There are 2 protein chains.
Amino acid sequence: MFTIGQVSKMFHLPISTLRYYDKEGLFPNIQRASGIRKFSDAEIEALHVIDCLKSSGMEIKDIKQFMEWCQEGPSTYLKRKEMFERQKKVLEKELQELEKHMAMIQFKCWYYEQAITDGNEDHIKEMMPEDLPEEIQALYDRSRGSHEAD
Amino acid sequence: MFTIGQVSKMFHLPISTLRYYDKEGLFPNIQRASGIRKFSDAEIEALHVIDCLKSSGMEIKDIKQFMEWCQEGPSTYLKRKEMFERQKKVLEKELQELEKHMAMIQFKCWYYEQAITDGNEDHIKEMMPEDLPEEIQALYDRSRGSHEAD
DNA sequence: ACTTGACCTAAAGTTAGGTTTAGGCTCTAT
DNA sequence: ATAGAGCCTAAACCTAACTTTAGGTCAAGT
């Protein structure tokens, strides 16, 4: 069992945020000892899940919904599973985007390194349609994959 | 050269958002023909960069700063390169988090599949400290990697 | 006795990133 | 010539997710 202050340090979250989460119904079963919140394993687990679901952009109210399902017992197993499967797809898409953006950033790092070496962008821009070093070209192409291709 | 409507479709961004970006100074050199914005290659490239930088959580005002550096010419090459290098680190961290969260989601998918099969969570919870199937244990462990280990 | 630290609430305030509204201009096709 | 499409601005509005404020309880140490 932990106090709000301990949990705050554990998860690097302000106390005010934990209270806000509680108020929003994210710890539907939290116990209290004369008014003071007692964070048990259930709430710690909830916070891991919150971290995970928030990272894929899920809103507080939908996370709350999940927490409510957890209260309702076995009848909601399927809903809960489906929800994680949906989130899996969201994360997969996010991962793809992230890789695209990483390629662009690597390209840009190379680009500015060259520009610094050359003192200008003229040389690079001449190469730009197709005459980039193979590896760099690959980064560039990856960084624009599918903008109209969906 | 494209109109705002064409660009809106190209990037799947509302027209209002493009105008907002312009107002915030993200297209510092955009040309106009009798009041109407003309999006050239420079602005299209800017939008690719905006997409990329926004995805790592960079704020509009910092993206604006970058666009201003682009206006200032060769004297800012180093700043621009350093900025992309910082963002690279941000994305790398994001990638790590994403993988952690993916592991948790996969674990949860397995968990609820089991729960549905068993009709309850009792069996799983008994296994929970250490007796999970090896592959599942690996997911679980990855999903909690480094919460106090920093 | 009193100060300090850690907890509590309700309610107001903040911020970023848009979106909507209201009004107006200018082509083009009917 | 008039209706519709697509462009424009300024300014008001919106929302989620917090954060801050103001005021209060309670236990431990000095």
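Because the structure is a prediction, the values reported are computed rather than measured. Just so you know, these numbers use all the heavy atoms, side chains as well, and skip hydrogens, waters and symmetry mates.
As rounded to whole Å, 11 Å separates atom C1' of dA17(D) from atom CD1 of Ile63(A). The distance between atom CG of Asp22(B) and atom C1' of dC7(D), rounded to the nearest whole Å, is 13 Å. Rounded to whole Å, atom P of dT9(D) lies 10 Å from atom CD1 of Ile36(B). Rounding to whole angstrom units, CD1 of residue Ile50(A) and C1' of dA17(D) are separated by 13 Å. Spacing between atom CD of Gln31(B) and atom P of dC7(D) amounts to 18 Å, rounded to whole angstrom units. The nearest whole Å value for the distance from the CZ atom in Arg37(B) to the P atom in dG6(D) is 17 Å. To the nearest angstrom, P of dT15(D) lies 21 Å from CE of Met58(A). Rounded to an integer number of Å, the gap from Ile15(A) CD1 to dC8(C) C1' is 11 Å.
For Thr17(B), whose side chain is taken as the heavy atoms from C-beta onward, the closest listed nucleotide among dT19(C), dC18(D), dT9(C) is dT19(C). For Arg32(A), taking side-chain heavy atoms from C-beta onward, the closest of the listed nucleotides dT9(D), dG18(C), dT9(C) is dT9(C). Here the side chain of Ile4(B) is nearest to one of dC8(D), dT9(C), dT19(D), namely dC8(D). For Arg19(A), counting side-chain heavy atoms from C-beta on, the closest listed nucleotide (dC7(D), dC7(C), dC18(D)) is dC7(C). Of the candidates dT20(C), dC7(D), dT9(D), dT20(C) carries the atom nearest the Ser16(B) side chain, counting heavy atoms from C-beta on. Closest to the side chain of Lys54(B), from the set dA11(C), dT20(D), dG18(C), is dG18(C). Ranking dT9(C), dT19(C), dA16(C) by closeness to the Glu59(B) side chain, first place goes to dA16(C).
Phosphate proximity of dG17(C) to Tyr21(B): absent, as no side-chain N or O sits under 4.0 Å from OP1 or OP2. In this structure, Tyr20(A) does not reach the dT20(D) phosphate: none of its side-chain N or O atoms is under 4.0 Å from OP1 or OP2.
When each of Lys23(B) and Gln6(B) is assigned the nucleotide of DNA chain D with its nearest heavy atom, Gln6(B) is the one assigned upstream, toward the 5' end. If you find the closest nucleotide of DNA chain C to Lys61(B) and to Ser34(B), the one lying nearer the 5' end belongs to Lys61(B).
Of all heavy-atom pairs spanning Cys70(B) and Tyr112(A), the tightest one is SG-OH, 4.1 Å. Ala103(B) approaches Leu139(B) most closely through the heavy-atom pair CB-O, 3.5 Å.
The existence of a salt bridge linking Asp62(B) and Lys54(B) is excluded, since no basic side-chain nitrogen approaches an acidic carboxylate oxygen closer than 4.0 Å.
When ring centroids are compared, Phe39(B) and Phe27(B) come within the 6.0 Å threshold.
Val90(A) and Ile50(A) are members of different hydrophobic clusters when ILVMFWY side chains are connected at heavy-atom separations under 4.5 Å.
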